[in-house]
Amino acid sequence: MGTSVPVGVVAPPRASQHGLVWIPGGEFTMGSDTNYPEEAPAHRVRVDAFWLGARPVTNLEFSRFVMRTHYTTVAERALDPAHFPGAPPENLVPGSMVFTGTAGPVDLRHLSQWWAWTPGANWRRPFGSGSTIADRRDHPVVHVAHEDAVAYTTWAGLRLPTEAEWERAARGGRAHQDFTWGDEPETAGRPLANYWHGDFPWRADSGYGSTTPVGSFVGNDFGLSDMAGNVWEWTDDWFTNFTPDDGCCSPVNPAGGSREHSVTDADPFLVPRKVIKGGSFLCADSYCRRYRPSARRPQMIDTGMSHVGFRCALSAQG
């Protein structure tokens, strides 16, 4: 399925080149009052029409960008000790955060049991030194910090979507739906997204527990794949809590909060945070049921992880 481009609208060459699809503008209810606190309050917003990548950017696509620009991602650069007071010297080397399944059931309140800073981990080596993406060229690129995603989109003549655009697209034009495919959860024998199936974080069902090739699951009504699960996706909005609707009118093309308000006292490194959307292969119903359109999380802009990627957007005017 997909949404046809209106008569008179000519797709810019960049839209076709990068596999972007037309997302019609409109008003919709953003957020949720019945799920996680950071999704509330539900509120009406309006976004203009735009173009969005049918799938997340893949390792192959990102490798072409790096080959042509000689770009070095954040995870491939040495860390500045001044930015990480108290961090052990052995951690101040190029690397990234890697998910490693546990040996058995654990207390789900302590995510440090399955996340580890891994020297040598980056988009080329998703599990650390010695790993490769040779067999993952069609998987979404991961271990990209926000500035890496911006560098790619700028090179391509594109941009990152806003949070409102991303959620509008994920909903596929449906009103008040809980999932990208509708209101009913996935049922046995009818897989709809790459989220955690099995016992989290130690025993995933066959075919789950890692990224999958983009487009492995049926797309939504706009023809967009992987808007639920696989990898979290960067948006260009600073993360702040939603404010109650004043009841006057729906904001048009809202662009989130501010850089300074995205930092909280709970962040020991005081690193600004952007909104990521969509959930990932690590979203388990028992732990993180965030593979839904309204779900949102803060992500430090300098931190890539093995379950964070991105897709590209383009304004209607091209």
Indicate if M305 and M300 have the same hydrophobic cluster label, given that clusters are the connected sets of ILVMFWY residues with side-chain heavy-atom separations under 4.5 angstrom.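 Yes.
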Salt bridge check, [Y] against [X]: does any charged N sit closer than 4.0 Å to a carboxylate O?
{"X": "R171", "Y": "E167", "answer": "yes"}
{"X": "R174", "Y": "D221", "answer": "yes"}
{"X": "K274", "Y": "E163", "answer": "no"}
{"X": "R44", "Y": "E27", "answer": "yes"}
{"X": "E38", "Y": "R290", "answer": "yes"}
{"X": "R292", "Y": "E39", "answer": "yes"}
{"X": "E165", "Y": "R46", "answer": "no"}

Rounded to the nearest 0.5 Å, the CG atom of L108 sits from the OG atom of S286 at a distance of 6.0 Å
Angle between ring planes, [X] versus [Y], binned at 30° and 60°: parallel, tilted or perpendicular?
{"X": "W22", "Y": "W51", "result": "perpendicular"}
{"X": "F179", "Y": "Y291", "result": "parallel"}
{"X": "Y152", "Y": "F62", "result": "parallel"}

May I ask you to test the T162-N253 pair for a side-chain heavy-atom distance under 4.5 Å?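 When only atoms from C-beta onward are counted, N253 and T162 do not touch, as no gap falls below 4.5 Å.
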Taking the side chain as everything from C-beta on, heavy atoms only, tell me whether W114 gets closer than 4.5 Å to V106. yes
Hydrogens and angles aside, do [X] and [Y] bring a side-chain donor and acceptor to less than 3.5 Å of each other?
{"X": "E186", "Y": "H197", "value": "yes"}
{"X": "H176", "Y": "D183", "value": "no"}
{"X": "H261", "Y": "T240", "value": "no"}
{"X": "S210", "Y": "R136", "value": "yes"}
{"X": "N194", "Y": "T212", "value": "yes"}
{"X": "R159", "Y": "S315", "value": "yes"}
{"X": "Q299", "Y": "W234", "value": "no"}
{"X": "T58", "Y": "R137", "value": "no"}

Ring centres of [X] and [Y] under 6.0 Å apart?
{"X": "F99", "Y": "H307", "answer": "no"}
{"X": "H143", "Y": "W123", "answer": "no"}
{"X": "F281", "Y": "W196", "answer": "no"}

Taking side-chain contact (heavy atoms from CB on, under 4.5 Å) as the test, write out the residues that go with R125, two or more places apart. N122, S131
With side-chain contact (heavy atoms from CB on, under 4.5 Å) as the test, pick out the partner of R311 among L158, L52, L20.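 Of the listed residues L158, L52, L20, the side-chain contact (heavy atoms from CB on, under 4.5 Å) partner of R311 is L52.
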So, does [X] use its side chain to make a donor-acceptor pair with the main chain of [Y] at under 3.5 Å?
{"X": "W181", "Y": "E184", "answer": "yes"}
{"X": "D199", "Y": "W202", "answer": "no"}
{"X": "R273", "Y": "S262", "answer": "yes"}

Kindly indicate whether a cation-pi arrangement holds for R297 with F239, taking the cut-offs as under 6.0 Å to the six-membered ring centre and within 45° of the axis. no
